[in-house]
Amino acid sequence: MNNMTKPKLVFFQWNHQDTSIFVQMHMKQHVKCLSEFFEVIVINEDCDYRQICDKYQPDLTLFESGVSYSASRRLYIKNTSAYSEIPKLGLHNGDPWCIRRAGFISDMENWGIETFFSTATTIGEHTPEIAENLLIWPNFIDADIYRDYGQKKIIPILINGSTSNLYPWRQTINKIISQNYPSLICPHLGYSKPSEWRMLYGEQYARTINTSWFAPTCGTVAKEVLRKHFEIPGSKSCLITEKSPTLEAAGFIDMQNCVFADEHDILDKLNYLFQHQDELEKITNAGYQLVHSRHTLKQRDQIFQWYNLYKNLKPSQKIVQSGLFQPLTIVEKSSDQKSYHIICNGLDISLINQGDEKLWAGKYNEAEVLYLKCLNYISWMPEPKLKLALCNLYKGNAKTALDWIAYPIKDTLENYKASTPDPVEWSYFLIILICQGKLNEAIKHSEQFPSLSHPELNRTRWIIKMLKNKEYILPPIEQTKYRATIHQLPNRNLNEWIGNIYIMLTASGQFDLREQLREIISLKAQDFKKENSNFRGNKKFFIKSSLFTKITSLFSLPSTVEPIHILFKNRLKRLCGNFLRRLECRFGYFLPYHVSEKRNDELFHTIQYLTQSENIKTALIIGASNREGSTEAFLTGIQQNFNKPSVFCINIPLPQFIKLQKQYANHSVVKCYQLSSASQKNFTHEIENVIQKIKQENKLEFFDIVLVDGSELSARTELYNELQTVKFIILDDINSGFNQPNYFSLATNKTHIVDTENISLRNGYAIFKKI
């Protein structure tokens with residue numbers, strides 16, 4: 001298209017000059033793509049929108065936002081309400097799970113932008129409240145760089161890119177491939193300038209791909225379409241990847257233009273194709289043709305399509321996108337047709353959904369395990385952090401809830417420097433303050449961000465205002481237009497929502513605030529006041545009636561009341577329990593497991609949930625000990641398991657192990673076996689002998705789950721031979737002399753994969769799952 005006929009686009013792009021060269025290349029490719037269809041003027045400095053429009057007279061303006069690179073600088077743009085006749089679009093340039101989505105939505109509201117594109121293909125699934133105004137501008141390649149250089153194939157398999165926890169498929173597949181085939185491994189060293197010279201990028205990277213037969217990549221836990229999905233076949237190498245709806249929508253078909261594989265069939269497919277070079281060549285050529293015909297920057301004209309459709313758009317019409325890679329069309333607003341947003345149910349979404357099922361069923365501990373597992377993949381993701389805050393509010397741990405909610409709010413306001421936080425996060429920040437008894441702070445913060453509106457936040461401000469004024473106020477009117485949130489909560493009517501606030505206040509011990517709120521809101525309380533208004537002079541009657549109302553509402557008993565001494569006894573028990581648990585948070589765990597804060601510990605939570613929910617029939621604890629958190633969590637979960645598994649405990653005769661033996665002496669499913677405390681030189685051999693004895697006596701071939709607690713044993717011990725047949729292996733204290741060799745053996749052998757680990761929690765732990 002000739003520059004003279006191109007419409008003029010002003011692109012407000014963040015300043016990326018301090019990022020690494022390959023990140024800058026990606027940003028320049030966005031400009032190069034837009035330049036295929038527009039005359040592009042890039043603005044990457046703080047500016048006045050009115051002055052920019054005066055100077056360049058654009059036909060369309062595009063605002064980049066939501067960027068997560070720490071070295072990129074966000075722009076401050078004023079007077080964006082000027083020139084309302086010039087259409088404005090937003091560009092979300094970030095991951096679908098990114099913590100910067102709240103800042104992006106804030107920017108769009110401040111700049112008066114109602115329609116936006118995103119490079120993330122699953123963002124509609126992750127943030128459904130913006131889906132109606134959202135269109136996708138998928139990733140692409142620059143065919144001038146990613147092409148066939150005619151290089152000789154000398155690399156069997158090229159392994160390139162990040163292998164952080166965001167990429168569990170890569171972690172598993174790369175390990176299997178590199179142990180079975182000659183592979184060139186090119187590590188990903190991050191996005192900072194100091195490491196950029198050690199990484200492949202640009203033409204050098206494309207030429208390296210061109211010399212390889214195969215290159216694996218995946219779309220993260222979310223099953224996204226990444227640049228690598230196009231760069232690999234676009235440089236004429238055979239793409240190995242995880243099957244996903246997004247890749248199928250892009251036109252990829254297994255064994256026709258790519259290889260869809262998992263840990264079960266990857267070696268079979270590689271063996272076959274290396275032995276059938278003609279088929280491999282056909283697949284590689286077909287992948288090359290697919291990418292160069294559908295996924296280069298010349299085919300990414302969605303923003304240009306929107307501009308052309310918008311010029312002729314009637315007030316009764318809207319623009320929709322029927323598929324990720326489909327053309328945009330105009331439909332009537334009155335129709336049910338909306339833009340299509342693909343559902344991949346990636347690992348992060350799946351874990352959150354599972355956690356939500358547990359959370360709304362009141363199974364808070366089980367929900368926490370699932371949310372924490374999600375954070376093991378994406379430690380900064382806001383959704384599981386909010387849900388963990390809710391779990392702790394329902395359990396009465398307001399301080400812990402504040403710790404969870406503070407991080408995303410702080411990142412949005414302080415790091416990203418957005419003008420407003422996410423409204424749901426702010427709502428539950430205010431509720432946490434109330435649950436801490438900090439009503440004055442809640443009142444002060446509720447008056448911040450007066451333009452911020454959302455049903456959750458409006459309801460929260462409503463109850464705070466009533467507590468402040470101590471009088472009934474009409475509830476907020478449900479609005480049809482409000483600030484979108486990145487979070488997904490169930491639709492609840494006002495009564496259900498208030499009921500949940502009562503639960504949180506009760507769990508947190510804020511009985512007075514709960515009763516103040518109940519008396520103000522309750523229609524029965526209002527009726528009671530009206531009916532007894534004539535008796536205000538009778539002080540004795542009024543006090544008696546008021547006390548009766550308070551007691552019945554306190555325990556949700558409308559017509560009957562338990563004996564007063566039972567009420568006070570129960571309340572005293574709750575207060576004492578809360579006090580002792582607060583002491584534990586300060587001085588460490590000392591209470592029995594069933595009432596201790598241990599139950600909320602990341603590792604102990606996970607152990608209890610795993611032993612409770614998995615299909616387990618036989619279990620073994622090496623290093624078992626009475627009052628040791630790992631052992632207690634393990635045995636608690638086992639006893640709640642539907643299969644009623646048999647458990648075998650091993651340790652040297654320490655006092656706590658002897659106590660454990662006595663505790664379970666008459667228990668039919670728990671059996672204890674002592675080791676000699678003197679045989680340190682042959683410790684591994686002695687443990688193996690005891691394990692064989694357990695198997696022979698109980699006619700077992702293997703154990704379903706094994707806990708090895710290194711805190712209870714000191715001798716360095718290698719148990720890989722005994723562990724390689726186990727379904728689930730829990731290693732506690734992996735940095736100890738006892739467990740370090742077990743962790744190393746399992747991490748470097750291909751019988752198991754890491755399911756969950758945290759090397760920084762106390763002395764570290766890891767949970768392995770058999771492949």
Side-chain angles (χ1 to χ4, degrees), residues 1 5-9 11 30 33-40 58-65 84-93 96 104-105 108 112-141 224-225 229-230 244-253 290-344 480-481 484:
M1 186 181 291
T5 63
K6 289 180 180 179
K8 190 180 293 184
L9 175 128
F11 183 19
H30 283 172
C33 177
L34 291 169
S35 297
E36 286 286 319
F37 314 102
F38 298 95
E39 179 189 344
V40 180
D59 298 294
L60 175 68
T61 55
L62 179 66
F63 294 71
E64 182 179 56
S65 179
S84 59
E85 68 276 15
I86 299 175
K88 290 184 290 191
L89 291 173
L91 174 60
H92 172 257
N93 187 10
F104 167 79
I105 296 171
M108 295 300 102
I113 299 174
E114 296 184 352
T115 303
F116 23 88
F117 283 84
S118 178
T119 58
T121 53
T122 64
I123 189 171
E125 179 185 18
H126 282 78
T127 321
E129 281 204 7
I130 67 172
E132 190 171 340
N133 300 325
L134 176 68
L135 303 164
I136 305 300
W137 189 40
N139 280 308
F140 51 83
I141 62 164
E224 274 287 302
V225 172
H229 285 121
F230 302 135
S244 71
T246 47
L247 286 175
E248 290 179 311
F252 287 102
I253 303 172
L290 171 69
V291 169
H292 282 270
S293 63
R294 293 178 55 184
H295 301 299
T296 74
L297 56 81
K298 292 183 183 295
Q299 287 89 41
R300 290 299 183 262
D301 63 345
Q302 286 86 349
I303 294 174
F304 184 59
Q305 288 182 45
W306 184 91
Y307 169 73
N308 285 326
L309 293 173
Y310 180 82
K311 287 190 298 183
N312 301 309
L313 194 68
K314 297 176 182 177
S316 63
Q317 295 175 326
K318 61 182 178 181
I319 299 171
V320 298
Q321 187 176 30
S322 59
L324 287 181
F325 302 93
Q326 299 301 313
L328 277 61
T329 56
I330 291 177
V331 300
E332 294 296 319
K333 288 181 179 178
S334 58
S335 74
D336 294 332
Q337 191 172 348
K338 298 178 180 178
S339 288
Y340 170 78
H341 292 288
I342 201 160
I343 302 298
C344 290
T480 56
K481 188 174 181 180

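Side chains are part of it too, since the values below use all heavy atoms of this structure and drop only hydrogens, waters and symmetry mates.
The minimum heavy-atom distance linking W137 with L91 is given by the pair CE3-CD1, 3.8 Å. The two residues Q321 and Q326 make their nearest non-hydrogen contact at CG-O, 4.0 Å. V320 and S339 make their closest contact through CA-OG, 3.4 Å (heavy atoms, listed as atom of the first residue, atom of the second, distance). Smallest separation of non-hydrogen atoms from A250 and L290: O-CD1, 3.8 Å. Contact detail for P245 and I343: the closest heavy-atom pair is CG-O, 3.9 Å. The two residues C33 and L297 make their nearest non-hydrogen contact at SG-O, 3.3 Å.
With a 4.5 Å cut-off on side-chain heavy atoms, T329 and S322 do not count as touching. Side-chain contact between I319 and T115: absent, with no pair of heavy atoms (C-beta onward) separated by less than 4.5 Å. For the pair H30 and N93, the minimum side-chain heavy-atom distance is below 4.5 Å. Looking at K88 and F63, their side chains come closer than 4.5 Å, going by heavy atoms from C-beta outward.
Here the two rings, on F304 and F38, have centers that are under 6.0 Å apart. For an aromatic pair to be called close, the ring centres must be under 6.0 Å apart, and Y307 with F37 fails this.
At most 12 non-hydrogen atoms from other residues, nucleotides or ligands lie less than 6.0 angstrom from NZ of K338.
Not counting sequence neighbours, the partners of K298 by the salt bridge (charged side-chain N to carboxylate O under 4.0 Å, His left out) test are E36.
A donor-acceptor contact shorter than 3.5 Å is absent between the side chain of T127 and the backbone of G124. Looking at H92, its side chain never comes within 3.5 Å of a backbone N or O of F104 through a donor-acceptor pair. Side-chain N or O atoms of R300 include one that pairs as donor or acceptor with a backbone N or O of P138 at under 3.5 Å. Side chain of K333 to main chain of P315: a donor-acceptor pair is present (N/O by atom type, distance under 3.5 Å, no hydrogens or angles). In this structure a side-chain-to-backbone donor-acceptor pair under 3.5 Å is present from Q305 to L328. A donor-acceptor pair under 3.5 Å links the side-chain atoms of E224 to the main chain of T121, judged by distance alone. Judged purely by atom type and a 3.5 angstrom limit, K318 uses its side chain to pair as donor or acceptor with the backbone of Q337.
Ring geometry for F230 versus F252: interplanar angle under 30°, hence parallel rather than tilted (30 to 60°).
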Apply side chain to side chain contact (heavy atoms under 4.5 Å, CB included) to M108 and I105, showing your working. CA-CA 5 Å; M108 295 300 102; I105 296 171; 5.7 Å; no
Please walk me through it: do E332 and S316 pass side-chain hydrogen bond (donor to acceptor under 3.5 Å, both in side chains)? CA-CA 6 Å; E332 294 296 319; S316 63; 3.2 Å; yes
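The only option from T119, I136, L247, T122 that meets the side chain to side chain contact (heavy atoms under 4.5 Å, CB included) definition with V225 turns out to be L247. Applying the salt bridge (charged side-chain N to carboxylate O under 4.0 Å, His left out) test between K481 and each of E132, E129, E114 identifies E114 as the sole match.
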